[in-house]
Visitor: 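To start, I am sharing the structure in question, which I have written as structure tokens.
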Amino acid sequence: MPTAAAPIISSVQKLVLYETRARYFLVGSNHAETKYRVLKIDRTEPKDLVVIDDRHVYTQQEVRELLGRLDLGNRTKMSQKGSSGLFRAVSAFGVVGFVRFLEGYYIVLITKRRKMADIGGHAIYKIEDTSMIYIPNDSVRISHPDEARYLRIFQNVDLSSNFYFSYSYDLSHSLQYNLTVLRMPLEMLKSETSKACQESFDIFEDEGLITQGGSGVFGISSEPYMKYVWNGELLDIIKNTVHRDWLLYIIHGFCGQSKLLIYGRPVYVTLIARRSSRFAGTRFLKRGANCEGDVANEVETEQILCDASVMSFTAGSYSSYVQVRGSVPLFWSQDISTMMPKPPITLDQADPFAHVAALHFDQMLQRFGSPIIILNLVKEREKRKHERILSEELVAAVTYLNQFLPPEHTIVYIPWDMAKYTKSKLCNVLDRLNVIAESVVKKTGFFVNRPDSYCSILRPDEKWNELGGHVIPTGRLQTGILRTNCVDCLDRTNTAQFMVGKCALAYQLYSLGLIDKPNLQFDTDAVRLFEELYEDHGDTLSLQYGGSQLVHRVKTYRKIAPWTQHSKDIMQTLSRYYSNAFSDADRQDSINLFLGVFHPTEGKPHLWELPTDFYLHHKNTMSLLPPRRSYTYWWTPEVVKHLPLPYDEVICAANLKKLMVKKFHRWEEEIDIHNEFFRPYELSSFDDTFCLAMTSSARDFMPKTVGIDPSPFTVRKPDETGKSVLGNKSTREEAVLQRKTAASAPPPPSEEAVSSSSEDDSGTDREDEGSISQRSTPVKMTDTGDSAKATENVVQPMKEVYGVSLSSSLSEEDHSIYARFVQLGQSQHKQDRGNQQLCSRCSDGVIKLTPISAFSQDNIYEVQPPRVDRKSTEIFQAHIQASQGIMQPLGKEDTAMYREYIRNRYL
């Protein structure tokens, strides 16, 4: 049954900033440019921000008239036609926010964007470029000598580097939360709609909906989870004075999407990482946790799987799995003044009652539910006590907190010294991680928005029956979370998260009916695609926190990395050390200024004069009597009451206040995701289509060998770089002969050639003179008398071509079935053969079928062509000539239409 709710699409997606001497006018419109809103920003105030939203929705004609009047009213001379009183300053796609240092306010606008992912028709964009514009007029500007330095520090946060936003999808929440909100009962939606009508922001916003009755659609917009929003402080000053569509919240982290083609069926694999904006910073300068339970380098990673053949949150199939990384939740740090690659770890404060860990895990219980599973990857055995300090303190904290939790909701602690197992030649690191991943996914479950398929109910898998989570009539919910950490939460953590994600991906594919068993193997196209996503994800997060890319990758722990990888690892280690020693302090200052942790104030020390930022991130140090929580009942009572479900997703009065519900007509653009995605009002080009340009398993990962199994779940042979396909024989004559043979005979190669070669794991062809293309079929050099042997090498066995070997003698029953099959084909081709009689040799017991068709000549081989009128033929011929550079002369109607378009668009 379809839901009666839909996400609200922002009606401010295109912006133009117009300038006069006294004001800025920010005109925003939806993508179709049918609805407009206008913000007025005063430029006469030197230090205050005055923003006025007139609460009116304009049409295109009304905006033109408004801008025309503003232009006319701001001209210096009324009769002066050449000069303009209204100047177009910049075009943009969204407002990042407003910021002030020591002088007046600046406005930060997004001027370039790039589509990075698509979830159910909702586009996710990456910021490519921004523009920072000073608001006050030069005549009222009060200059300050330190303003330029603050501006440089603020702009040191590169907004074009891994910042993302969406006009209709809440990136700060998980897919499970967003779809759970849309499945709210209708009675609650109606009650929330009545409250929204009383508090409506716009004038005449709900006009006409009273008579709509029950035929409308509820639009829902939720408050963002501010922990993962990076411009919340920049938008806070206008949050209560402008319409919600002007507020565009951005996240920082990673977003990547790839297409998994399963026999032509497109499945999108999306990876979204949300970096916490609380206690954010660089590697050695932000360690452990602050007084509020926020930890350093906290990143929530969500993998989303969706069937792209159906684009709808209502009718489509969606699945997601969430896991978290973050620093050990204790008061600890590392002193970098010693200039050592690994500074000693020190515990800054004694916390016998695990106060800061309690705050941290209480936040996790509220957002993710139970169980919370901690995978601790730090070293357990060391000659000199270093990382083990953190393990001992974390074990003590978890043991203390578990005393007071209900037994069914206790925190699960899994210690595993990954570095020790990596050095051992007898142990396989990834096999051990796979066992841990299986147990973790079985405990937490995953989210899927559709019930179990009938085939899985009829023939359930053993592992499927042991799966945890919360089962509801419409699917499954993930309850609980895996929290992975090492010391830096970079290299080891990324590999462990990949293995858990790989295990969860198998269950997700199984739940959508795409594989028959919840199991995925390495060296398949699907896992290689997923591994590349996770490596990009790890490199990006490592650059943000550590200053370099990953040092140890999945291939390193599989021990299949090429020999050149060792030198690359050394360079990454040096790059990370240089960044930590020389540039991290400046980056930390920029982050503190951007996030509003530090506010420049006249008469107080500047940001660069502070000896440390400890007091900025630990607010309790500035208060005389900080509030203390209970040492035993360390959790929030309402959170524990609803476990294992996360409290944030429970339908209660507190959570309903975070939603904005409004009733729309069914054809309103604010809820029409079909128009938002396909945009029938504009000309589209296949070259610019995002779904065709994204990474595809068939194009980028599947080997190009002719006749290869196209399934992305087939294990491919590993790439053997530098080895000749022919073994010891690698002359030019043999290469030429093989290319000629490949043109007439399909692969696979002979058994002898297979023993000395392997398929190209990268899916690319190499046809240089010294190497043989992957498409070629290796054969032996034979004499004229060995033609029979050469033929055996060229012709493939029936088993490899058809997947089955036919025996020499067939039974009578098989002969009868084959005869019936032949007779069916002959009956289908009856019209092609005219009135020819059936072959007398066919048995009398065969069923004779006569095709019944409403057309005189219509079967699977022949179709009557449709009749095309003359005008359509001329249009088609003109189109073909245009592709060849022969353009038709324009008529009067075409010229008039083009002039009207230019006049409406630009004048």
Side-chain angles (χ1 to χ4, degrees), residues 119 174-176 179-180 258 260 262 265 267-272 300-308 316-324 368-371 373 375 412 414 430-431 433-484 496-522 524-531 533-534 644 646 697 711-713 715:
I119 302 176
S174 65
L175 180 72
Q176 176 172 314
L179 294 192
T180 301
S258 297
L260 185 65
I262 306 175
R265 184 178 183 181
V267 176
Y268 287 173
V269 182
T270 311
L271 204 60
I272 299 176
E300 179 183 304
T301 300
E302 180 180 19
Q303 61 188 60
I304 300 174
L305 201 71
C306 64
D307 187 353
S317 299
Y318 294 86
S319 177
S320 72
Y321 183 77
V322 182
Q323 48 185 325
V324 172
F368 305 111
S370 68
I373 305 173
L375 179 57
V412 181
I414 305 175
L430 298 189
D431 286 348
L433 278 175
N434 192 55
V435 174
I436 296 174
E438 285 283 352
S439 63
V440 166
V441 176
K442 285 179 181 178
K443 289 177 182 177
T444 62
F446 62 96
F447 169 73
V448 61
N449 73 330
R450 51 175 277 180
D452 294 347
S453 56
Y454 181 69
C455 63
S456 62
I457 298 174
L458 195 63
R459 296 184 298 275
D461 189 88
E462 295 179 0
K463 294 161 58 175
W464 185 258
N465 291 333
E466 301 172 1
L467 194 63
H470 185 66
V471 181
I472 57 177
T474 56
R476 290 176 174 268
L477 298 178
Q478 178 182 345
T479 56
I481 193 71
L482 171 67
R483 186 193 189 278
T484 310
Q497 283 195 331
F498 163 74
M499 290 301 298
V500 177
K502 171 179 167 289
C503 178
L505 180 67
Y507 281 99
Q508 290 175 281
L509 290 166
Y510 180 79
S511 68
L512 300 184
L514 300 173
I515 55 177
D516 57 347
K517 291 184 180 180
N519 191 18
L520 288 176
Q521 297 182 2
F522 276 104
T524 59
D525 297 342
V527 174
R528 288 167 56 207
L529 178 144
F530 189 65
E531 182 183 341
L533 269 178
Y534 247 97
S697 62
S711 171
F713 309 113
V715 178

Visitor: Where do Cys503 and Val441 come nearest, in terms of heavy atoms and distance?
Guide: SG-CG2, 4.0 Å

Visitor: Would you name the heavy atoms of Tyr321 and Gly445 that are closest together and state the gap between them?
Guide: CE1-O, 3.3 Å

Visitor: Is it the case that the side chain of Glu466 and the backbone of Gly468 share a donor-acceptor pair, with hydrogens and angles ignored and the cut-off at 3.5 Å?
Guide: no

Visitor: Any non-hydrogen side-chain atom of Leu433 less than 4.5 Å from a side-chain atom of Phe498?
Guide: no

Visitor: Are Phe447 and Ser174 close enough, and set up right, to give a side-chain contact (heavy atoms from CB on, under 4.5 Å), and what steps lead you there?
Guide: CA-CA 10 Å; Phe447 169 73; Ser174 65; over 6 Å; no

Visitor: How long is the span from the CG atom in Asp307 to the CZ atom in Arg450, to the nearest 0.5 Å?
Guide: 8.5 Å

Visitor: If every non-hydrogen atom of Pro712 is compared with every non-hydrogen atom of Leu260, which pair is closest and at what distance?
Guide: CB-CD1, 3.7 Å

Visitor: In sequence, state the C-alpha distance, the side-chain angles, and the governing distance for Ile272 and Leu175, and then conclude on side-chain contact (heavy atoms from CB on, under 4.5 Å).
Guide: CA-CA 10 Å; Ile272 299 176; Leu175 180 72; over 6 Å; no

Visitor: Please report the shortest heavy-atom distance between Pro646 and Phe368, naming the atom on each side.
Guide: CB-C, 3.6 Å

Visitor: If you round to the nearest 0.5 Å, how far is CG of Leu514 from CD1 of Ile262?
Guide: 4.5 Å

Visitor: Does the pair Ser258 and Phe530 meet the rule for a side-chain contact (heavy atoms from CB on, under 4.5 Å), with working shown?
Guide: CA-CA 8 Å; Ser258 297; Phe530 189 65; over 6 Å; no

Visitor: Quick one, Leu375 and Ile436 - any side-chain contact, counting heavy atoms below 4.5 Å?
Guide: yes

Visitor: Mind listing the closest non-hydrogen atom pair of Thr479 and Pro644 along with its distance?
Guide: CB-O, 3.5 Å

Visitor: Run through Lys463, Lys443, Lys502 and flag the one making a salt bridge (charged side-chain N to carboxylate O under 4.0 Å, His left out) with Glu438.
Guide: Lys463

Visitor: With rounding to the nearest 0.5 angstrom, report the OH to CD distance, Tyr534 to Gln497.
Guide: 5.0 Å

Visitor: Assess the residue pair Leu505 and Gln303 against the criterion (side-chain contact (heavy atoms from CB on, under 4.5 Å)); give the C-alpha distance rounded to whole Å, side-chain angles, the decisive distance to 0.1 Å, and a yes or no.
Guide: CA-CA 8 Å; Leu505 180 67; Gln303 61 188 60; 3.9 Å; yes

Visitor: Nearest heavy-atom pair of Leu271 and Leu533: which atoms, and what distance?
Guide: CD2-O, 3.8 Å

Visitor: As an exercise, state the distance from CD1 of Ile515 to OH of Tyr507, rounded to the nearest 0.5 Å.
Guide: 10.5 Å

Visitor: When rounded to the nearest 0.5 angstrom, what is the spacing between CG in Leu482 and OG1 in Thr444?
Guide: 7.5 Å

Visitor: Under a 3.5 Å distance rule, please check whether Asn449 uses its side chain to pair with a backbone N or O of Gly316 as donor and acceptor.
Guide: yes

Visitor: Could you grab the distance from atom CD of Gln323 to atom CD of Glu302, nearest 0.5 Å is fine?
Guide: 11.0 Å

